[in-house]
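What follows is a set of notes on a single structure, which appears directly below.
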Amino acid sequence: MFLTQLFKKKNELTKTHTFSRHPLQKPEAKKTDLYISRNISSEITCRLYNTINQNIDRDIRRFGKSVMNPSMLADLSRMNYFIDNKKISVPGNEIQSKINFSAQIIESKNQWIQEHIGSLSSFLHQGIFPDFFGAVDNWKASDGSKLEIAMVSLDRNKTNTSFYISSTGMIKLISQANISNIILRNSDIIMVDKERSQFNLQLSFRAVAMPDKCLITTQGNGADGSRMTLHGMELLK
């Protein structure tokens with residue numbers, strides 16, 4: 001696979017995700033602390049994988065089966081990508097990251113990655129976060145309240161996100177970050193103390209190679225889930 005073909009860029013950008021608005025129980029507009037933990041239920045898994053596979057179909061039609069999605073290309077040197085536990089990302093160096101990636105996928109055991117990079121790159125980038133939050137119906141906090149979260153804004157300078165791709169088809173996402181604010185589905189914004197508020201997420205996938213694409217299914221990892229520690233919460237008026 002030549003670099004020019006694999007990393008071909010196009011001007012089109014992936015459409016941003018939108019979320020419907022629903023009434024929810026709002027936290028009081030005062031400073032408070034909350035702890036949130038969410039296991040990945042079968043319902044969440046079903047919604048998330050449906051979204052991912054629909055996006056794969058759309059992006060393959062748009063960019064091609066063996067061409068890297070521009071969103072992953074942009075994140076290749078911003079986030080951490082591993083193939084069989086070998087790091088390929090070089091922070092701030094897009095060219096070297098592409099070279100490292102190409103060197104790994106030409107190995108015979110990784111040929112399926114080369115052939116199906118259009119499918120994998122459709123979701124292995126920052127866009128996985130709005131897909132995930134869109135699949136979660138509500139979050140139960142430590143005080144008993146329920147939050148319908150559209151998105152969590154992460155502190156760019158204190159975010160560590162890694163994608164682990166295995167030659168066997170197993171894929172894992174692990175993210176740890178400080179939180180800047182919480183955006184609810186009714187467009188309310190909850191400000192937090194970004195120095196102390198933290199977000200953790202682990203997701204596992206299995207990529208099943210098919211003739212024209214990869215089908216993303218569950219790996220059945222009981223350790224998958226998300227945790228948030230929110231300090232100094234205050235509803236923005």
Side-chain angles (χ1 to χ4, degrees), residues 1-17 48-49 51-107 110-135 151 154 156 159-167 169-177 201-210 212-217 219:
M1 177 68 65
F2 295 100
L3 284 177
T4 303
Q5 180 182 1
L6 177 64
F7 300 103
K8 182 173 63 176
K9 292 184 178 180
K10 296 189 178 182
N11 292 328
E12 303 96 337
L13 297 176
T14 303
K15 294 181 180 179
T16 56
H17 297 261
L48 177 59
Y49 290 177
T51 297
I52 289 175
N53 285 307
Q54 288 171 10
N55 290 343
I56 287 175
D57 290 339
R58 177 201 65 198
D59 289 346
I60 287 179
R61 289 193 301 268
R62 190 175 184 184
F63 302 112
K65 171 185 172 182
S66 301
V67 177
M68 183 178 287
N69 187 300
S71 295
M72 178 174 172
L73 178 59
D75 284 340
L76 202 59
S77 59
R78 299 184 213 168
M79 308 174 89
N80 303 313
Y81 290 84
F82 297 80
I83 296 180
D84 285 337
N85 292 318
K86 184 173 182 178
K87 188 174 182 179
I88 61 174
S89 299
V90 179
N93 192 329
E94 182 178 303
I95 294 177
Q96 189 59 51
S97 297
K98 290 190 293 185
I99 292 173
N100 293 347
F101 189 87
S102 298
Q104 285 296 303
I105 65 174
I106 62 175
E107 296 186 12
N110 294 326
Q111 184 177 357
W112 72 275
I113 298 176
Q114 175 179 325
E115 294 176 351
H116 294 288
I117 189 59
S119 295
L120 300 178
S121 64
S122 176
F123 70 99
L124 296 182
H125 53 77
Q126 293 184 58
I128 190 65
F129 293 111
D131 285 343
F132 169 69
F133 283 103
M151 190 60 194
L154 305 179
R156 181 178 301 179
T159 297
N160 189 315
T161 299
S162 300
F163 295 101
Y164 296 88
I165 307 169
S166 169
S167 57
M170 301 299 186
I171 301 172
K172 183 180 291 185
L173 158 68
I174 298 177
S175 182
Q176 299 176 322
L201 175 64
Q202 176 176 308
L203 295 174
S204 301
F205 311 90
R206 181 191 298 271
V208 180
M210 302 174 69
D212 58 340
K213 66 176 182 178
C214 276
L215 179 67
I216 305 304
T217 66
Q219 186 178 331

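As the structure is a prediction and not an experimental result, all values here were calculated from the model.
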State, to 0.1 Å, how close [X] and [Y] come at their nearest heavy-atom pair, and which atoms those are.
| X | Y | result |
| --- | --- | --- |
| Tyr49 | Ser204 | OH-O, 2.7 Å |
| Trp112 | Ser166 | CZ2-O, 3.3 Å |
| Ser121 | Gly118 | OG-O, 3.5 Å |
| Asn93 | Ser97 | O-OG, 2.8 Å |
| Gln96 | Val90 | CG-CG2, 3.7 Å |
| Ser122 | Asn69 | CA-ND2, 4.0 Å |

Side chain proximity check, [X] to [Y], heavy atoms < 4.5 angstrom:
| X | Y | answer |
| --- | --- | --- |
| Thr51 | Phe123 | no |
| Arg78 | Gln126 | yes |
| Asp75 | Thr161 | no |

Short question: side chain of [X], backbone of [Y] - any donor-acceptor pair under 3.5 Å?
| X | Y | value |
| --- | --- | --- |
| His116 | Met210 | yes |
| Ser89 | Leu76 | yes |
| Ser66 | Glu115 | yes |
| Asn53 | Ile216 | yes |

Take Asn100 and Lys87, measure what side chain to side chain contact (heavy atoms under 4.5 Å, CB included) needs, and give me the verdict at the end. CA-CA 8 Å; Asn100 293 347; Lys87 188 174 182 179; over 6 Å; no

Give a yes-or-no answer on whether the side chains of Asp84 and Ser167 include a donor-acceptor pair shorter than 3.5 Å. yes

Asn110 and Gln114: side-chain donor and acceptor closer than 3.5 Å? no

In Å and rounded to the nearest 0.5 Å, what is the [atom1] to [atom2] distance from [X] to [Y]?
| X | Y | atom1 | atom2 | value |
| --- | --- | --- | --- | --- |
| Lys172 | Ser162 | NZ | OG | 11.5 Å |
| Cys214 | Ile171 | SG | CD1 | 7.5 Å |
| Ile174 | Gln202 | CD1 | CD | 5.0 Å |
| Thr159 | Gln176 | OG1 | CD | 10.5 Å |
| Asn160 | Leu154 | CG | CG | 11.5 Å |
| Ile83 | Lys86 | CD1 | NZ | 10.0 Å |

Derivation of the side chain to side chain contact (heavy atoms under 4.5 Å, CB included) call for Ile117 and Ile105: CA-CA 10 Å; Ile117 189 59; Ile105 65 174; 5.9 Å; no

Considering residues, nucleotides and ligands other than Glu107, do more than 12 of their heavy atoms fall under 6.0 Å from its CD? yes

Please say whether more than 12 non-hydrogen atoms of neighbouring residues, nucleotides or ligands are located less than 6.0 Å from CG in Leu215. yes

Run through Ile52, Leu120, Thr217, Ile165 and flag the one making a side-chain contact (heavy atoms from CB on, under 4.5 Å) with Phe205. Ile52

Checking side-chain contact (heavy atoms from CB on, under 4.5 Å) between Tyr81 and each of Phe101, Tyr164, Phe163, which is the one that passes? Phe163

